[in-house]
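Order of the sequence lines fixes the chain letters, A, B, ..., with proteins taken first and strands second; residue numbering starts at 1 for each chain. Just so you know, these numbers come straight off a predicted model, no measurement behind them.
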Amino acid sequence: MATERYNPRASEPKWQKAWDQARLFETKNDDPREKYYVLEMFPYPSGRIHMGHVRNYAMGDVVARYRRARGYNVLHPMGWDAFGMPAENAAMQNKVHPKDWTYKNIDTMRGQLKSMGLSLDWSREFATCDVDYYHRQQMLFLDFLAKGLVTRKSSKVNWDPVDMTVLANEQVIDGRGWRSGAEVEQRELTQWFFKITDFAQDLSDALDGLGEWPDKVKLMQRNWIGRSEGLLIRWPLDVASAPGGETELEVYTTRPDTIFGASFMAIAADHPLAKKAAETNPALAAFCHEVRHGGTSAAEIETAEKKGFDTGIRVVHPFDPSWTLPVYVANFVLMDYGTGAIFGCPSGDQRDLDFANKYGLPVVPVVMPEDGDAATFQITEEAYVDDGVMINSRFLNGKTPKAAFEEVASLLAAKSIGNRPMGEKKVNFRLRDWGISRQRYWGCPIPVIHCADCGVVPVPKADLPVKLPDDVEFDRPGNPLDRHPTWRHVACPQCGRSDARRETDTMDTFVDSSWYFARFTAPWEDDPTDPKAANAWLPVDQYIGGIEHAILHLLYSRFFTRAMRATGHLDIVEPFKGLFTQGMVVHETYKGPDGWVQPAEVRIEEADGRRRAALISDGTPVEIGSIEKMSKSKKNVVDPDDIIASYGADTARWFMLSDSPPERDVIWTEAGVEGAHRFVQRVWRLVSEAAPALSGAAPKAATEGPAADISKIAHKTLKAVGEEIGRLGFNKAVARLYELTNALQAPLADIAAGKADAATVSAARQAVEFLVVMLAPMMPHLAEECWAEVGCAGLAAEQPWPQFDPALVVDSEIVLPVQINGKKRGDLTIARDADQAAVEKAALALDFVQKALEGKAPRKVIIVPQRIVNVVA
RNA sequence: GCGGGCGUGGCGGAACUGGUAGACGCAAGGGACUUAAAAUCCCUCGGCCUCUGGCUAUGCGGGUUCGAUCCCCGCCGCCCGCACCA
């Protein structure tokens, strides 16, 4: 009895409409059920969705639909990370307004996402470029400013010469702009900063509490924050050699224990002392200039020689007035870490050793391995950085470095220089404040006004929003707001002076994405959040996105949550309780005579076990290249629209969830998609052919007879799939569903042929219902079609997850593998509840065991209950 | 350089974190149905051998254990993050 093939093109829009009309996915804040907030990182509206989006949103949707079936009140919203450079680039290239370009893209992509059948609450949708959204972001900025969490300071910034804007440290990758790829320059500019460093300690400490985050991400953040414990040491300057007025040099060190191994001081070229000394020393000034303009790219740093210049200044050793050390300006000392000055201990630091060897400075070993000999231990080419015991260090000799650290810290704390202690314990962080000023148009305006009399004046909240002007030109590089004829000219809100001017910098787009998850909890509010709603919904229970945001977005969001808490917008500590970083979608590359070729243009053939590729158009052979992330440059992209049009959304979703573990990359292959599509058709065929017989039967589990096999695997699968989805093991859940489908194949064929008894039909009806409900999170449209076909009421999407019967998931008889000397020799079938003695007796009675023992008693019998029997002969 | 991770069939990957290695899928081969093809269904599928049995096998070499893909030591290879951070 053949049924028609399942037709996703007709089916999918039909069910999407049915869900819409039933308003199944609109979430109410006053729903009394337990909440569950699942969120996928919202997309940048670049134009069209790509396969990475499909994977990301398919995973999130499985979680959302599963949790809904489990009885949670699920929040699953969607929005658009809509400010940023590409809109301005499009404006420059195509003469489109960034706003038009962005909203047009959003419309396209919304339609694409809808065609995926995602269970999203579209009623909460917003784009970060909506005035409604950035208005509230400006309110947050003003609150942060009032709370002292925002500063404006002149600083060296990373300048991207292509995008003509400033980048945060986090946005510089290998010395290049994260977006433009251009080599970054250092410039001195006055910029707005969020004081993320105020929370450095907490941001680092609180990582320990994020139990549902990948260790890798936590480690990356911990390293990025870079907490270190050390000592500030103020070295007295030798009066005779010091420039006028200078009396001390402050250094930061994590190794004060090595203070007797010190042989020089090194300061940054920008250090005040260096600048002062350079005033009277042209050679030194030239050296500083050279260092400042040296390359900053990764390659240059790696190969750069350690270079120094003796300033002629000398410092006095804190523990020996007769001991003076030279002060060098060195190219490897950074002004913006610690104090911009170090003491060099060549024996304990490779860089210091290289420097000392180059300039003929003393190398005194001060730590040696515990089993070393102090009389002969020497350092020549390789510094000793491990733990050990102190030597050549006067009163510290024999101590551990740790004890020596404490000793030096307390002795120097007691000495004083000027009015301060000579030594002071200090915790240092690598983390810098977050520079948010961008010299761009398409971003959230920073709501302040500059007045010649009043200085920086915040825009009064009543005057918000500071709206972006629509009439802007993109005919030149740089910031169109700067050259707008009227927008920037305003009266000072404080004194009324008419010639005040607006801040023309806009905020880094990472600001926009740092709180959108909170806005989703009450996007209709006049204030940035409704604290009640935010506190009820947050933290996000499951956040899903790419590993590339491990530092930037996730760290900024954690900062924002703290800042919003400090300003009363919410009262939670961490924004994301569970974090999952999914892998990329990768694809083979193809290279033809004229460069990269798209997969859609290529036909793959297999001959003699070798795969060959050729152009479909004219058969020209094409080289099969490496498997890489889908990218426009390599042309190895597959358009989700094409896949959905030819196979349907369910096939695309199912393939994305199959095979590869979600955290790893998935290789998109035509064969794989076809396999997924075969499964869609197979489920439909099995269910629809048996449907007439099933629809009249009541679902009922069977506990005995052949029908019991059906019920057992159905209940076992139900248990396993629930557990796997719960831990995001989608590929394993898929495997279990294949198993169940395989097991149902023969019984359903019998039922369709009218060759089954009533108990079998009832058991099968239940098993099919289970199957459909389990498939529903992954292939929601197919599930609806099957659900209706077997005559079930309501929508599959609103069915509760069934309970498995514990009695059916355990077998009364089990098969135990029996090993002899650790090698499997056979099986033992025995009652599940048989005790140890019974198992041993039965095992020893087995033929192959008897044979192996040759009549002798076993030396030992190991029985692991429910697991294995091992007979040691 | 520092930090972290990973190596299992032709391929993607399973294996309850010490207990039957290779679930499930893809690819391949054989067969059935068909005038034929597609679709579908059935069978085989790590390697080797003296093949209703046995040996061997989870990057390589050791170790611990009744038993190791899993734990320990030493190599080899690949991937990722940070990068002159004192």
Next on the checklist: Let's see if you can work this out: which of B/C85, B/A23, B/C42 has an atom nearest to the side-chain heavy atoms of A/Glu739?
Outcome noted: B/A23
Item to check | Which residue lies more 5' along RNA chain B, comparing A/Ala671 with A/Arg825 via nearest heavy atoms | outcome: A/Ala671
Next on the checklist: Rounding to an integer number of angstrom, what distance separates B/U58 and B/G46 when you compare their P atoms?
Outcome noted: 16 Å
Item to check | Pairwise C1' distance for B/G1 and B/G19, with rounding to whole Å | outcome: 43 Å
Next on the checklist: Can you tell whether the side chains of A/Arg234 and A/Glu424 come within less than 4.0 Å, N to carboxylate O?
Outcome noted: yes
Checklist outcome for this item: Picking from B/A83, B/A14, B/A86, the nucleotide nearest the side-chain atoms of A/Trp224 would be B/A83
Item to check | Nearest-Å distance once atom P is located in both B/G53 and B/G31 | outcome: 27 Å
Next on the checklist: In whole Å, measure the gap between the P atoms of B/A28 and B/A39 for me.
Outcome noted: 11 Å
Checklist entry - Expressed in whole Å, how much space separates the C1' atoms belonging to B/A57 and B/A68? => result 14 Å
Next on the checklist: Suppose we call a contact any N or O donor and acceptor under 3.5 Å apart; does that hold for the side chain of A/Arg867 and the base of B/C16?
Outcome noted: yes
Checklist entry - What interatomic distance, in whole Å, is found between C1' of B/U65 and the corresponding atom of B/C73? => result 16 Å
Next on the checklist: With a cut-off of less than 4.0 Å, is there a side-chain N or O of A/Arg255 near OP1 or OP2 of B/A86?
Outcome noted: no
